[in-house]
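Here's the structure we're looking at; comments come further down.
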Protein chains: 2
Amino acid sequence: MSVLTESPEMHTNILIVEDDMAIREMMAFSLKREGFDAIKAASGNEALEQLNQMHPDLIVVDWGLPDMSGIDLIDTIRRDDVIKEVPIIMLTARAEEHDKIKGLERGADDYLTKPASMLELMARIRAHLRRSKGFETSHKLSFHDIVMDASAHEVKVNELPVNLSLTEFKLLKLFLQNPNKLLAREHILNHVWGRNTVVEDRTVDVHVLRLRKALKPHERDKWIQTVRGIGYKLATF
Amino acid sequence: MSVLTESPEMHTNILIVEDDMAIREMMAFSLKREGFDAIKAASGNEALEQLNQMHPDLIVVDWGLPDMSGIDLIDTIRRDDVIKEVPIIMLTARAEEHDKIKGLERGADDYLTKPASMLELMARIRAHLRRSKGFETSHKLSFHDIVMDASAHEVKVNELPVNLSLTEFKLLKLFLQNPNKLLAREHILNHVWGRNTVVEDRTVDVHVLRLRKALKPHERDKWIQTVRGIGYKLATF
DNA sequence: CGTTACCATGACAATATCGTCACAAAAATC
DNA sequence: GATTTTTGTGACGATATTGTCATGGTAACG
């Protein structure tokens, strides 16, 4: 099972089959944010058309589709020799236990009830991909075109790599985890250096300076803004 | 009841790790009723003892155990080369989303909140077993043109054989299992040398050096990259 | 406009970390 | 039993990183 025939930086395609546009777009947005490629389908037939052209790494299926039930779609997929192995997560508004069990027995690998937390959906998607692809998919933090892959310890701005020291990396990570939020010096000290380290306040300034320098060639240094008397924040202007 | 019944001659062992006797017995009862063999453990250590003697097809773990958290148990299992592939379902009274995500990210395959419906639990168990049954243990690992056949103890780069010592081999294997992932020294020590061996940190460096030397004739030595302050990673640049 | 508090910046020394080599012990091979 | 290979460790120089300080600049405010 642990055959790594493809390299992990290869795009991981997730097919979303969901007729509600709002939910569909939100899921696509969340997926792209995490570094996946989201393919969208608004109906069962649209999904089948997509599946003729490409083979996603995972499928998220809504139970109630306009032209067929999600169950029917799963049946069709599981009958297709080429794609029948693909992990499928069912997503539905119905909380009825009966549906869950039916979905799981008919070939779904997982079942989530709407309104589903995007975080939980992402976690479950990663768990299934871990099984089917044999390796962990990467976690990505991003703010516009600043993208950090913490597990790979890699930062890119607009696809170009940025070289950071360990402290700078941790500092940027904190900023990315709190975009548009004002971070007090003390807060930064606690989170980057740890609660019981004795470091001068000004040290934060210096490391912010160094982080800005590293981002300067990409013209992103101005995104780390000074808030006089308090600290810094990551934001566009 | 279940549409898909397991054939009786095929013993499917399910390990239940749960300290609450009532729940444990109820789960064991349900499992046996469905044709599974239920093995019971009331604590984390009891579970580990069991795992020394047998390898279950699936494990159901309660989050809160008397001697360790379910998460710790999962960590231990996922570090064991022999049983690390076993599907794990977390079961817990806590409904907090944070716990769910933590469990899934740390290696659980599924997560159920108590009080869990036995029917749903059974359905999910069957869904996971359906996946893991057709589990093939091909021992081929690769990263681009670096190919390892673990069972044959053979490594080739671009079809040309590479001679490695045992430690170098295990080290490269770890890298291939975690491509593009930053591996901390401690993590490397745990996985290549074992958890209870006493070896200096710097030993890792020396073996990385030796592995690089072995890969140098093939111009792949630069793919093992140093991340100052933490460890190493296998990645292209 | 002047004062004050606050910050950006560059320089610097101390430290941490890593790559490399050499060597001895242990294990494997012949 | 001799030879070769493998392995872990210490040493050392090279380099990266880090924290602090001094200085000058800038925003805030009356």
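The chains referred to below are lettered A, B, ... by the order of the sequence lines, with proteins before strands, and numbering in each begins at 1.
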Got a salt bridge between B:Arg106 and B:Asp75, using NZ or NE/NH1/NH2 to carboxylate O under 4.0 Å?
yes
Strictly below 4.0 Å: does A:Trp193 bring a side-chain N or O up to OP1 or OP2 of D:dT18?
no
Atom pair distance, as rounded to whole Å: CD1 in A:Ile188 and C1' in D:dG19
16 Å
Does the pair B:Lys102/B:Asp99 count as a salt bridge with the N-to-O cut at 4.0 Å?
no
Those residues of residues 161-175 of chain A lying under 4.0 Å from DNA chain D by at least one heavy atom:
A:Ser165, A:Leu166, A:Thr167
Kindly state whether the ring of A:Trp193 and the ring of A:His207 have centres lying under 6.0 angstrom apart.
yes
Quick one: salt bridge (Lys or Arg N to Asp or Glu O under 4.0 Å) partners of A:Glu25, sequence neighbours excluded?
A:Lys40
Just to be sure I understand the geometry, which residues of residues 205-233 of chain A put a non-hydrogen atom under 4.0 Å away from DNA chain D?
A:Val206, A:His207, A:Arg210, A:Arg228
Show me the pairs that pass side chain to side chain donor-acceptor pair (under 3.5 Å) and involve residues 152-174 of chain A, at least two apart or across chains.
A:Ser165-A:Glu168
What pairs of residues pass the salt bridge (charged side-chain N to carboxylate O under 4.0 Å, His left out) test when at least one of them lies in residues 59-71 of chain B, not counting sequence neighbours?
B:Asp62-B:Lys114
Who passes salt bridge (Lys or Arg N to Asp or Glu O under 4.0 Å) against B:Asp145, sequence neighbours left out?
B:Arg220
Rounded to the nearest 0.5 Å, how far apart are CG of B:Leu31 and CD1 of B:Ile16?
5.0 Å
Is the shortest side-chain N/O distance from A:Arg202 to OP1 or OP2 of C:dC7 below 4.0 Å?
yes
